[in-house]
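Input: a single structure, listed below in structure tokens.
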Amino acid sequence: MNWMETFRSGTEAIRAHRMRSLLTMLGIVIGIASVILTVGFGQGAQNKVKDEIDALGSNLLIVSPGSSTDDGGFRGGFGSATTLTLEDAAAIADDAAVPDVRRVAPTSSSSASLTVGETNWTTQVVGTTPAWLDVRARELAAGRFFTADEVASGADVVVLGPDTAGELFSFGSPVGQTVTVSGQQLTVIGVLGSSGASDDGGSEDDQALVPISTGKSLSGGTTGSVSTIYVEAASTEVLSAAYQEIEGLLATRHGVTTDDADFSIASQESLVETANSTNKTLTVLLTGIAAISLLVGGVGVMNIMLVSVTERIREIGLRKALGATPTVIGRQFLVEAALLGLAGGVIGILLGVVGALVLPTLIDQPVTISLLATAAALLTSLALGIGFGVYPAGRAARLTPIDALRSE
Amino acid sequence: MSTPIITLDGIRKTYRTGSLEFEALCGIDASIDEHEYVAVVGPSGSGKSTLMNIVGCLDNPTEGTYELAGEDVSTMSEAQLAEVRNRRIGFVFQQFNLLPSLCAWRNVELPLVYAGLPRHERRERAIGALERVGLGDRTEHRPGELSGGQQQRVAVARALVTEPALILADEPTGNLDSRSTADVLDLLDELHGTGRTIVVITHEPDVAARAGRNLVFRDGQIVSDTSSARAVAAR
Ligand SMILES: Nc1ncnc2c1ncn2[C@@H]1O[C@H](COP(=O)(O)OP(=O)(O)OP(=O)(O)O)[C@@H](O)[C@H]1O
Ligand SMILES: [Mg+2]
């Protein structure tokens with residue numbers, strides 16, 4: 001009996017026992033589809049964060065107050081301390097001291113409520129300088145950004161993020177309109193273009209930018225402290241040089257050593273690393289769930305294969321009586337199990353892929369299909385089906401034909 | 001004189017159920033020649049089926065030697081035994097033992113599948129065998145769509161499709177009415193006429209009467225071995 005014959009009799013046996021074949025496949029289908037989806041979720045979330053960080057620009061350095069290596073917390077947590085000042089930002093911008101830096105944008109942000117007529121919208125009000133637009137690689141959709149003069153004079157102007165503008169002004173152009181923030185009237189002079197991040201833009205598209213001097217008076221602050229200094233290096237190549245120059249400069253200015261710094265500098269790369277280590281937990285968790293569902297699917301396959309072989313011991317006995325050798329019987333069950341597993345696997349992959357395409361539109365969460373996980377899931381199901389189909393079939397094939405024929 | 005096709009020498013079969021031992025065959029010596037038509041009779045539980053399964057290479061004796069066409073079967077491997085069953089023996093069982101998912105001609109072609117014949121030749125021979133048993137118009141029917149007598153005729157077709165030298169039938173008419181019994185017995189007669197050796201187990205006297213030789217079993221032993229006049233005449 002050659003492979004072609006075996007293949008044909010395998011497909012026939014599968015069709016002859018439709019219900020049982022379907023149930024066997026169902027276990028594989030669910031197992032594989034769930035592996036594709038759960039692993040896809042983990043990877044999708046990881047990719048999403050990476051995209052967002054990539055959108056920051058590759059030669060960006062972010063200087064924050066407080067030490068990220070300090071976990072004692074007596075200097076205040078990451079970002080909450082107020083050790084950075086406008087003078088620090090000015091020093092970094094000094095070409096002589098820090099030659100590898102192109103532009104510097106200090107920011108000082110606080111949450112505030114914006115009012116236009118009856119409409120209220122609470123968002124981050126970010127005080128900064130004109131360099132911000134270039135440092136953050138953003139574009140304007142309408143109007144203009146504020147100038148250095150307006151920063152110097154503390155002009156009552158504001159540039160809105162696209163989402164913020166949409167919330168406050170349903171009709172017409174916001175440019176030239178007035179927004180009230182903390183009792184102060186600001187004139188809208190521009191609207192940012194969308195940040196182009198993979199999702200709807202999040203906080204990047206919902207903020208209000210004001211001259212840093214205006215920002216201080218809005219929040220009632222008088223000190224020259226800033227919350228974050230964005231620094232654009234001259235190029236990606238000199239990024240680490242710029243990093244060291246800034247670190248040295250600020251350490252000297254603050255009178256601390258670099259090991260003991262009261263500030264921290266992050267690059268896009270280090271942010272990706274931090275995000276990935278957080279995401280790893282999620283991925284491990286999801287992979288665990290996927291493995292469990294595959295196991296459950298596998299147990300189902302195993303169970304049905306065992307029952308199916310036991311049910312067919314008489315058939316095995318008859319085939320042996322008519323001249324089938326144990327090898328031929330073993331091969332027949334191998335092909336049957338492999339066909340079942342493969343059919344279930346293909347359906348499972350299709351289902352998983354369809355799910356991966358449809359789900360993101362429903363729940364706003366990207367799903368990335370992992371080839372490795374898919375292949376591993378398929379192989380596992382196949383191995384389970386074959387293992388638990390062929391092993392008992394082989395045992396039945398070694399029975400004397402009469403014992404097999406007599407079995408109930 | 002013909003040569004013996006079956007030679008049994010001191011065959012014993014002991015069944016073990018838990019700690020109980022039961023000797024179903026206690027030393028069978030017998031020899032059956034080519035072209036003989038033998039009926040095995042005897043009360044229920046006397047060991048007829050047990051012997052038939054050993055003769056058909058479906059089971060192994062506990063003791064004794066069995067030669068089929070001059071070859072000692074006890075030294076053969078599983079694969080060799082499968083080939084012997086496939087090429088030399090045709091079985092007809094009381095329970096028909098047809099595969100319910102396959103239609104008549106697909107059931108009949110099964111032995112040819114394991115003999116390694118190409119598909120078109122198998123189909124031709126299977127349909128030819130079904131025509132011989134008078135079922136040329138039922139080739140595409142499944143066992144469930146056939147009467148008991150028709151199913152047993154399909155089983156006979158499957159037994160004769162490989163043209164085996166030896167046909168073994170264990171109560172082939174046990175589940176059939178008199179009309180179908182006559183059909184099946186006529187088929188066995190016809191096969192005997194074409195030179196095959198037939199061994200049939202039966203409880204029915206008229207079945208035994210058709211055979212040339214009767215082996216009577218009692219308690220795992222042959223108590224009588226008689227050849228009828230008809231058998232003597234045939235020699
Ligand atoms: N697998 C088995 N295990 C244990 N005992 C068995 C087994 N097969 C048969 N026997 C016993 O062996 C004896 C002979 O059985 P066998 O089937 O050969 O009888 P038989 O002559 O064919 O009877 P019948 O005419 O009813 O078919 C019986 O007593 C039976 O109980
Ligand atoms: Mg019996």
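Only heavy atoms go into these numbers, but all of them, side chains included; no hydrogens, no water, no symmetry mates. Nothing here was measured: the structure is a model prediction, and the numbers come from that model. Note on naming: letters A, B, ... go to the chains in the order of the sequence lines (proteins, then strands), and numbering restarts at 1 for each one.
Contact tally against chain B (heavy-atom pairs below 4.5 Å) for A/Leu322, A/Asp403, A/Thr327: the top residue is A/Leu322. Of the residues considered (B/Ser101, B/Cys57, B/Pro111), B/Pro111 shows the highest number of contacts with chain A, using heavy-atom pairs under 4.5 Å. When B/Leu117, B/Ile89, B/Asn86 are compared by the number of non-hydrogen pairs under 4.5 Å with chain A, B/Asn86 comes out ahead.
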(request) Check the pair B/Gln80, A/Thr325 against side-chain contact (heavy atoms from CB on, under 4.5 Å), reporting the backbone distance first and the verdict last. (result) CA-CA 8 Å; B/Gln80 283 172 313; A/Thr325 59; over 6 Å; no

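In this structure the side chain of B/Asn97 reaches within 4.5 angstrom of the side chain of A/Arg314, judged on heavy atoms. Side-chain contact between B/Met52 and A/Ile402 is absent, with no heavy atoms from C-beta onward closer than 4.5 Å. When side chains are defined from C-beta on, A/Met4 does not count as touching B/Arg119, because their heavy atoms never get closer than 4.5 Å.
In this structure, chain A has a heavy atom under 4.5 Å from the side chain of B/Arg122, while its backbone stays farther away. Using a 4.5 Å cut-off between heavy atoms, B/Arg106 touches chain A through its side chain atoms alone. When heavy atoms are compared at a cutoff of 4.5 Å, A/Arg8 approaches chain B solely by way of its side chain, counted from C-beta outward. Within the 4.5 angstrom heavy-atom criterion, only side-chain atoms of B/Asn53, from C-beta onward, approach chain A.
Screening B/Asn60, B/Leu81, B/Leu58 against A/Thr400 for a side chain to side chain contact (heavy atoms under 4.5 Å, CB included) leaves a single residue, B/Asn60.
More than 12 heavy atoms of other residues, nucleotides or ligands lie within 6.0 Å of CG in B/Asp29, so this atom counts as buried by the packing criterion.
Atom CG of B/Leu110 sits about 5.5 Å away from atom CZ of A/Arg319, to the nearest 0.5 Å.
Across B/Arg85 and A/Lys320, no two heavy atoms sit closer than the pair NE-O, 3.0 Å. Smallest separation of non-hydrogen atoms from A/Gly323 and B/Tyr114: O-CB, 3.6 Å.
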